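Lettering of chains follows the sequences in order, A, B, ..., and the numbering in each one begins at 1. Remember, it's a predicted structure, so these values are computed and weren't measured experimentally.
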There are 4 protein chains.
Amino acid sequence: MAVAEPRTTTRRRTPRVDAIRNREAIVEAAAEVLAEQGAAVDVREIARRSGVGMGTLYRHFPKKEDLVHTVLRRDFMTWAESARQAAIDAEDPWAALTTFYQQALTGYARHRAIMENLALTLAEPDLEGIHQLRLVIEQLCARACATGLLRPGVTTDDLLLLLVSLGHAVQITDECRPRMWNRLLHISLDGLRADHREPLPCDSTVAGVSAP
Amino acid sequence: MAVAEPRTTTRRRTPRVDAIRNREAIVEAAAEVLAEQGAAVDVREIARRSGVGMGTLYRHFPKKEDLVHTVLRRDFMTWAESARQAAIDAEDPWAALTTFYQQALTGYARHRAIMENLALTLAEPDLEGIHQLRLVIEQLCARACATGLLRPGVTTDDLLLLLVSLGHAVQITDECRPRMWNRLLHISLDGLRADHREPLPCDSTVAGVSAP
Amino acid sequence: MAVAEPRTTTRRRTPRVDAIRNREAIVEAAAEVLAEQGAAVDVREIARRSGVGMGTLYRHFPKKEDLVHTVLRRDFMTWAESARQAAIDAEDPWAALTTFYQQALTGYARHRAIMENLALTLAEPDLEGIHQLRLVIEQLCARACATGLLRPGVTTDDLLLLLVSLGHAVQITDECRPRMWNRLLHISLDGLRADHREPLPCDSTVAGVSAP
Amino acid sequence: MAVAEPRTTTRRRTPRVDAIRNREAIVEAAAEVLAEQGAAVDVREIARRSGVGMGTLYRHFPKKEDLVHTVLRRDFMTWAESARQAAIDAEDPWAALTTFYQQALTGYARHRAIMENLALTLAEPDLEGIHQLRLVIEQLCARACATGLLRPGVTTDDLLLLLVSLGHAVQITDECRPRMWNRLLHISLDGLRADHREPLPCDSTVAGVSAP
DNA sequence: CATGAATGAGCGTTCATTCAT
DNA sequence: GATGAATGAACGCTCATTCAT
């Protein structure tokens, strides 16, 4: 249907530029919306904000889930990167840990879809972005542990779960009771310090209590 | 309307037996489903599981919201009651607090709709059941504080937020990493002990960090 | 289940009294509601107002339609009767006619279900009550015709249709423009007077005009 | 967003052809169904008849009400237009008036939803289409009045109410007694002529008669 | 390739009618 | 008989996904 002949060399480049621009617009818009409203948003809203049609959106991301994952991957990456940077800049390992949580909770914890997924991800850590974040935390953990500031036995998973946990607290209180989560963070960080005698339970210390 | 002499007692009881059974079946099924899937479930699913028709369900609960509230009220009540009991049975105030969290997290934290609502409720505590729970926590807080075991400055809201926060951790880890939250609980409880020098921040101690 | 023996003679009378009372209560309540809201009302509303259960209502009137018909029959009867009386009391045939419309439009035209059905009934005059009304109109028509006051060729059906037609006008204007229909009545009655030269069309005088 | 050189005209036309066809199919089907059954129809029925899915229907008309209004607006417009044309073509003001009613009652009076709304509209004239119709009637009224053919004191509202009133008569008799309303129209028109001595009542001439 | 219109299963809710008590 | 709880088909509407242009 197209005339095909004249544009020989750049033939495949032109559409691609457009396609890439579109893809980026979609991801950008989606990131915005997902941060604001979580993964339950109407796909139409994303298409609207990115200025592309539904078809384009679905060409790039055949399932809503694909788009969500892409955005999350990206945002987890960025997050991990900025976290790593902040950690490097920090004076000492403990400050690095503290700063990490502060930044995370002040920033990304407001990203609804990020938090929704950070949660899911402990179960099935399929998202590579999250892996980056995990690596950062691993480093923070290792360093704080090595200097003897971190309570012995605390694992990366503990710190990750604490992040998810406090992240949720942020989401809940952010609008009605801003920074109330800050106190919880202090408490938790104090609980993470080395000056506690008792070792942490090995996941199943306490006797069972019946379910509802 | 009729003069109706002797049958006073058994007058209106008979037909209700069935209705009550149904109502209970509905609430029971709803509680189950709400615990499993949260408040977003299809009403038809509840009807199906309880073995009643849609009409019956809507006769008892004119709006889906009514049913949800009823279930939540009930479950919050039960929860508060069992929490209170456990607290009373505890040897000392600190054990009471510990046990409370243990029980709460082992039991009700798995209830999706409960947690959803517990979250919402920090903003607008409309459900009366939740108030009961809050009262229990208030007592636990007061007692633990009075004995000097609880870190000064810790409020009921802090404990409540910790509950929500850890509750979320439970929901996340329960299936894939059972009792991993247990370690987080220990950490948090240690952070709550009185032997910490620094006072808690008054909600906005730390300098702002920019959002993503 | 009942003790069966002692009440021999009056055995079948007692329940009937109750049944009749119930039936009457139902009809009464239904009449009220139907007049207010038309035949589209929820059957529950009728049951509620009459103080009986749904079962009772449906025992007496297996279909909603049955109840509606019963009420309409009754109300058409009453209407016919009061119309006849008013006609008899009138000084002259023309006054009788005028009074009839006045009374009808001031009174029964506000009865929503009556008007709904008066309409339907020109098609299939199944309701006996309406027949009574029709007879009254027939008399009015005959008398007014005989005295030469009524325009020749005007039939009972014409007068009936005028009634339906104006009745509808009443329903529409009653709340927002009370008695606006009164002017229409005057116009129509003047058009019914004998002093018009042209005969009425035989149902199909005018050339067809295309439908929408 | 692209620079898009030569294809200016055919740019956005192509995809719309289908959409417009669908939209028209929906409106057409809706008009049909609304005319037949009134505004209470099931939206699915409209979708079915127009051959589109529910989604398509709701894309074009987000609320059922929107569709209904669109249809009514359209049909009132058409009606007003054809009425105006017929009035213009008429030999004299009285013929114009006569023709108007003839045409209205032969055509649009069969449209159930139109009549339902024409009725409602005397109370709250919200639909713009209806306003057009009103204007036409106003002109007819003014012209007939000016030539001294119309009975003094007759207002646009009177003529409108007569229209609604007779329209209802049409709906009732159309199927079982076609054109029976024609006689009523003659009567009413005769009543509207100037050769009546008595002035019309100012809305509340006649003494009240008690309600049923 | 982009577009956005089309699809249809599914949701919360209502109401005439039936049936166990 | 009387009661009112139970039934389920239908209604207005939404949204992830597909498909013609």
_Position toward the 5' end of DNA chain F (nearest nucleotide), C:T56 or A:K63_ = C:T56

*For F:dA20, which nucleotide is its Watson-Crick or G-U wobble mate, given both distances must be under 3.5 Å?*
E:dT3

*Does the F:dG12 base have a donor-acceptor partner in the side chain of D:R44 within less than 3.5 Å?*
yes

*When the distance from CD1 of A:I26 to C1' of E:dT3 is rounded to whole Å, what number comes out?*
12 Å

*asked:* Tell me the interatomic distance from C:E45, atom CD, to F:dG4, atom C1', rounded to whole angstroms.
replied: 16 Å

*Atom-pair distance (CD1 on D:I20; P on F:dT21), nearest Å*: 14 Å

*asked:* Rounding to an integer number of Å, can you tell me how far B:M54 CE sits from F:dA9 P?
replied: 12 Å

*asked:* Check B:E28 with B:R74, please: is the shortest side-chain N to carboxylate O separation under 4.0 Å?
replied: yes

*Rounded to the nearest 0.5 Å, how far does CG of A:L57 lie from CZ of A:R48?*
11.5 Å

*Between D:G53 and C:G55, who's closer to the 5' end of DNA chain E by nearest nucleotide?*
D:G53

*asked:* Is there a side-chain contact between C:N22 and the phosphate of F:dG1, meaning an N or O under 4.0 Å from OP1 or OP2?
replied: no

*Between atom CG of A:L34 and atom CD of A:E116, what is the distance when rounded to the nearest 0.5 Å?*
8.5 Å

_Please report the distance, rounded to the nearest Å, between CG in B:L57 and P in F:dG8._
13 Å

_Nearest heavy-atom neighbours spanning C:D75 and C:H111_ = OD2-NE2, 2.8 Å

*Taking for each residue the nucleotide of DNA chain E with the nearest heavy atom, is it B:K64 or D:R23 whose nucleotide lies nearer the 5' end?*
D:R23

*Taking OP1 and OP2 of E:dT13, is either one under 4.0 Å from a side-chain nitrogen or oxygen of B:Y58?*
yes

_Gap between atoms CD and P, on A:E24 and E:dA2 respectively (whole Å)_ = 13 Å

*Can you check the D:R21 CZ to F:dT21 P distance for me, whole Å?*
8 Å

*In whole Å, what is the span from the CG atom of B:D18 to the P atom of E:dT21?*
5 Å

*Check every atom of E:dA2, F:dA2, E:dG12 against the side chain of A:R59 and return the nucleotide holding the closest atom.*
E:dA2

_Is there a salt bridge (Lys or Arg N to Asp or Glu O under 4.0 Å) between A:R112 and A:E36? Walk through the geometry before answering._
CA-CA 6 Å; A:R112 310 234 325 199; A:E36 286 171 19; over 6 Å; no

